[in-house]
Peer 1: 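If you scroll down you'll find the structure; I have some questions about it.
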Amino acid sequence: MRISKQKHRKAERIELVRLKREQREQTLCFSSRPFVLCGLPVRQLPKGQLLYERRNGHFVLQVTGHPDYGVPFGQDRMVPIFLATLAVQQQSRTIRFRSASEMLETFGMNKGGKEYRRLVAAFERTFGATIFFGTDTLTSKAKIVHRARFNFFSEARVWYNRANEDCVLGERYENVIVLSDEFFEEVTAHPIPTDLEAVKLLSSAPAVLDLFVWLSYRCFTAGAKERIPIFGPFGLVQQLGAVEYGRLRKFREKLQQWLSAIRRVWPECPAKLDGDGMYLWVDHATAIQPVVPSVAE
DNA sequence: ATGAAAGACCGATGCTAGGA
DNA sequence: TCCTAGCATCGGTCTTTCAT
């Protein structure tokens, strides 16, 4: 049997993810609740569609895309992760990073011209988008909506929109993004640690990535066995960023495949479909192992 | 037993990401 | 810049399950 180079490389990276987990040497990055509880679209939305809504229980995420750039999708989900990670690390609304290649490097992506262009497009879509994230609770009579509407940043000086201004030779550029209060508050109040090595590995499989990040969070917070509906208004179909399938069983089939992809990087993941395929069972588990206190060196 | 619905498997397609 | 591999999606179809 022939193994492609890509497959081989992937297998090695899977091995690395597992090894680092076992040895408790994981590197962390951070995500944020809006994008853990609800998924951005996996594929580009049809032309002209600028509004996207997902739901997780009573949490609702609405993303409104900029008319020129559209709604973020696919690999764009790395941008909020990158921003959240920097916000947590730097503990400041004002985050700085040296270069675009720093982000590409962080997530193990190539650094060709194509990748830079893709990254710029991802930033444009993300920064152009407006986010609504909040809860709606159905009380006896009225539907009460608590929502925060925000952009990701209030100010940005980044490489691609800085053409010619203050280009003093020899001065080192720094990319500066001032996160909006809302996003910064959200991220610092609820940072969601995630295994960076796994995120890198799954960066080209957006649907699997979302499910993995959510499951590692969901299993961590689960006290015991819990049952999550797959269909219906509070089901996974409303949460994940996949399209609405013509055949319901397609979604279930896909879910199975995504779960087995997750088990390859996280064999102990307890998530399982039940016999009827109407529910996903989760249980307490930790995709992120606490760091072993290191012996004095 | 029979038909309907769901599951499992296959291959094609359009698009994206990775690699040389 | 070009070619290949991979991902999400869709439709086809055979098999299994299940209620009648």
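Lettering follows sequence order; numbering is per chain, from 1.
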Peer 1: Using whole Å, report how far CG of A/L273 lies from P of B/dA6.
Peer 2: 16 Å
Peer 1: Going by modelled atom types, is there a donor-acceptor pair between the base of C/dT13 and the side chain of A/R247 at under 3.5 Å?
Peer 2: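 Donor-acceptor pair under 3.5 Å: yes.
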Peer 1: Quick check for you: to the nearest 0.5 Å, what is the distance between A/E226 atom CD and A/L280 atom CG?
Peer 2: 11.0 Å
Peer 1: For A/R252 and C/dT9, give me the distance from atom CZ to atom C1', rounded to whole Å.
Peer 2: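 Taking CZ of A/R252 and C1' of C/dT9, I get 18 Å after rounding.
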Peer 1: Measure CZ/A/F251 against P/C/dT9 and give the value in whole Å, please.
Peer 2: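 Rounded to whole Å, this separation is 10 Å.
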Peer 1: Measure OH/A/Y245 against C1'/C/dC10 and give the value in whole Å, please.
Peer 2: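 Rounding to the nearest Å, OH of A/Y245 and C1' of C/dC10 are 9 Å apart.
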Peer 1: Could you check whether any side-chain heavy atom of A/E244 comes within less than 4.5 Å of a side-chain heavy atom of A/V237, counting everything from C-beta outward?
Peer 2: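 Result no, sub-4.5 Å side-chain heavy-atom pair not found.
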Peer 1: Rounding to a whole Å, what distance do you find between A/L202:CG and C/dG6:P?
Peer 2: 15 Å
Peer 1: Examine the base of B/dG19 for any acceptor or donor lying under 3.5 Å from a partner atom in the side chain of A/K114, and report the outcome as yes or no.
Peer 2: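 Side chain to base: pair found, below 3.5 Å.
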Peer 1: For the side chain of A/K250 and the base of B/dG7, is some donor closer than 3.5 Å to an acceptor across the two?
Peer 2: no
Peer 1: Listed by chain and number, what are the ring-ring contact (aromatic ring centres under 6.0 Å, His included) partners of A/F153, not counting sequence neighbours?
Peer 2: A/F127
Peer 1: Provide, to the nearest angstrom, the distance between the CD1 atom belonging to A/I14 and the C1' atom belonging to C/dG6.
Peer 2: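 The answer, rounded to whole Å, is 13 Å.
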Peer 1: Checking only heavy atoms, does the side chain of A/R118 share a donor-acceptor pair with the base of B/dG18 at less than 3.5 Å?
Peer 2: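 Result: no qualifying N/O pair found.
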Peer 1: Could you check whether any side-chain N or O of A/R77 sits under 3.5 Å from a backbone N or O of A/P41, counting only pairs where one atom can act as donor and the other as acceptor?
Peer 2: yes
Peer 1: Between C/dG6 and A/K7, counting only base atoms on the nucleotide and side-chain atoms on the residue, is there a donor-acceptor pair under 3.5 Å?
Peer 2: no
